[in-house]
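Bear in mind that the values here come from a model prediction, so they are computed numbers and not experimental data.
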Amino acid sequence: MKQETLKWVKDAYKTEADCITEMLNHLDEEQFSKAIEILINAERIGTTGCGHSGIIMQHLSHLLCCIDQPAKFVSPAEAVHGGTGYFKKGDAMIFASRGGKTKELLPILDICKKKGVKIISITENMDSPLALGADVVIKQYVNKECDRYNAQGTTSTTSLCMISHAIQTAILEETNFQIEQFAVTHPGGAVGERLNDKALF
């Protein structure tokens, strides 16, 4: 490997570590708390996003299911072809878009508003349509992407993933979620074996 390449590799670690550290300075505790309250009280939760954001929103949906919060990733393509029939008034939808202008998400935003679905947007652009149309906005922060062109969804993906993990952590604590509950829903694999080891309880 070229020495220049190795330098970029090492810089990637530092760039993303710095991003996570700096994100704390951009945490709006009031908005974040409101988002958690909405999610806890929602009967159903949807998540959506395109590209890398969509991948992380699928991850968030799974995390929420793991702590007994019924969640589902709603594909932007399927959403406008009947997929939003999943939602009822009082449910919640989490939109993720760094720029807040992703065209595929804007029709879904309108549908959610018409159906009385609470909207949480995660975005870096507080003046974007997704931010202005939301009930709550969780501000995303990204210092820069890892590649030399500052173009690939690298650090921004890590940033969104960190926000997702913070959401899961908060809900777990606020609902007093117990390890015994997780043992019921996750009996598979090595984790399931460990969780269902009666010696733990």
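- Under a hydrophobic-cluster definition in which Ile, Leu, Val, Met, Phe, Trp and Tyr are linked whenever side-chain heavy atoms come within less than 4.5 Å, directly or via other members, L172 and I179 are assigned to the same cluster.
- A continuous path of Ile, Leu, Val, Met, Phe, Trp and Tyr side chains, each step under 4.5 Å between heavy atoms, connects L27 with I94, placing both in one hydrophobic cluster.
- When atom types are taken as modelled, the side chain of D91 and the backbone of A42 share no donor-acceptor pair closer than 3.5 angstrom.
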Audit row: V136, F32, side chain to side chain contact (heavy atoms under 4.5 Å, CB included) steps and yes/no: CA-CA 8 Å; V136 175; F32 190 83; over 6 Å; no

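- Annotation: side chain of I167 is in contact with side chain of I163 (closest heavy-atom distance under 4.5 Å).
- A distance-only check finds no donor-acceptor pair linking the side chain of S61 to the backbone of A71 [under 3.5 Å].
- Under a hydrophobic-cluster definition in which Ile, Leu, Val, Met, Phe, Trp and Tyr are linked whenever side-chain heavy atoms come within less than 4.5 Å, directly or via other members, I40 and L63 are assigned to different clusters.
- Side-chain contact between Q140 and L160 is present, with heavy atoms from C-beta onward closer than 4.5 Å.
- No donor-acceptor distance shorter than 3.5 angstrom exists from the side chain of T155 to the backbone of V142, with no hydrogens or angles considered.
- Atom-to-atom distance recorded for Q3:CD and T5:OG1 is 9.0 Å, nearest 0.5 angstrom.
- Nearest heavy-atom pair across G49 and P76 is O-CG, 3.5 Å.
- The backbone N or O of E104 sits nowhere less than 3.5 Å from a side-chain atom of T102 that would complete a donor-acceptor pair.
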Candidate pair I20 and E16, rule side chain to side chain contact (heavy atoms under 4.5 Å, CB included), full reasoning: CA-CA 6 Å; I20 291 178; E16 299 210 7; 5.8 Å; no

Criterion side chain to side chain contact (heavy atoms under 4.5 Å, CB included) on M126 and K139, from CA distance to verdict: CA-CA 7 Å; M126 303 303 281; K139 182 172 174 57; 4.1 Å; yes

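- F73 and L39 fall within a single hydrophobic cluster, where Ile, Leu, Val, Met, Phe, Trp and Tyr are joined by side-chain heavy atoms under 4.5 Å apart, directly or via other members.
- Linking Ile, Leu, Val, Met, Phe, Trp and Tyr residues whenever their side-chain heavy atoms come within less than 4.5 Å places F177 and I45 in a single cluster.
- More than 12 heavy atoms of other shown residues, nucleotides or ligands fall within 6.0 angstrom of atom CD in E22.
- In this structure, P187 and V184 approach most closely via the heavy-atom pair CD-O, 3.6 Å.
- Between I171 and I36 there is a side-chain heavy-atom pair separated by less than 4.5 Å.
- A distance of 7.0 Å separates OG of S33 from CD of E29, quoted to the nearest 0.5 Å.
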Can I get a per-line list of side-chain donor-acceptor pairs under 3.5 Å for residues 110-117, giving both atom names and the distance, sequence neighbours left out?
| from | atom 1 | to | atom 2 | distance (Å) |
| --- | --- | --- | --- | --- |
| K113 | NZ | G133 | O | 2.9 |
| K115 | NZ | T84 | O | 3.1 |
| K115 | NZ | F87 | O | 2.9 |

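- No side-chain donor-acceptor contact under 3.5 Å links S121 to the backbone of F95.
- The shortest non-hydrogen separation linking C146 to T154 is N-OG1, 2.9 Å.
- Taking E145 as the reference, R98 meet the salt bridge (charged side-chain N to carboxylate O under 4.0 Å, His left out) condition, with sequence neighbours excluded.
- Summarising the geometry of S159 relative to M23, their closest heavy-atom pair is O-CE, 3.4 Å, with the distance given to 0.1 Å.
- A distance of 12.0 Å separates SG of C19 from NZ of K14, quoted to the nearest 0.5 Å.
- Counted by atom type alone, D68 and Q181 present one or more donor-acceptor pairs between their side chains at under 3.5 Å.
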Verdict with reasoning, I56 to H52, per side chain to side chain contact (heavy atoms under 4.5 Å, CB included): CA-CA 6 Å; I56 301 303; H52 289 99; 5.6 Å; no

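- Taking CG of D135 as the reference point, atom NZ of K118 lies at 5.0 Å (rounded to 0.5 Å).
- The heavy-atom pair separating T123 from G99 by the smallest distance is OG1-C, 3.7 Å.
- Among all heavy-atom pairs drawn from I67 and Q168, the shortest one is CD1-O, 3.7 Å.
- We find the SG-CD1 distance between C161 and I55 to be 11.0 Å, quoted to the nearest 0.5 Å.
- Using cut-offs of 30° and 60° on the angle between ring planes, the pair H59 and H165 is perpendicular.
- Around atom NZ of K101, no more than 12 heavy atoms belonging to other residues, nucleotides or ligands sit under 6.0 Å away.
- Checked by atom type and distance alone, the side chain of N125 never pairs as donor or acceptor with a backbone atom of A131 at under 3.5 Å.
- You'll find the side chain of I122 stays beyond 4.5 Å of the side chain of L130, heavy atoms only.
- Side chains of R44 and K88 form a contact here, defined as non-hydrogen atoms less than 4.5 Å apart.
- Exactly one residue among I108, I120, L109 makes a side chain to side chain contact (heavy atoms under 4.5 Å, CB included) with M93. That residue is I108.
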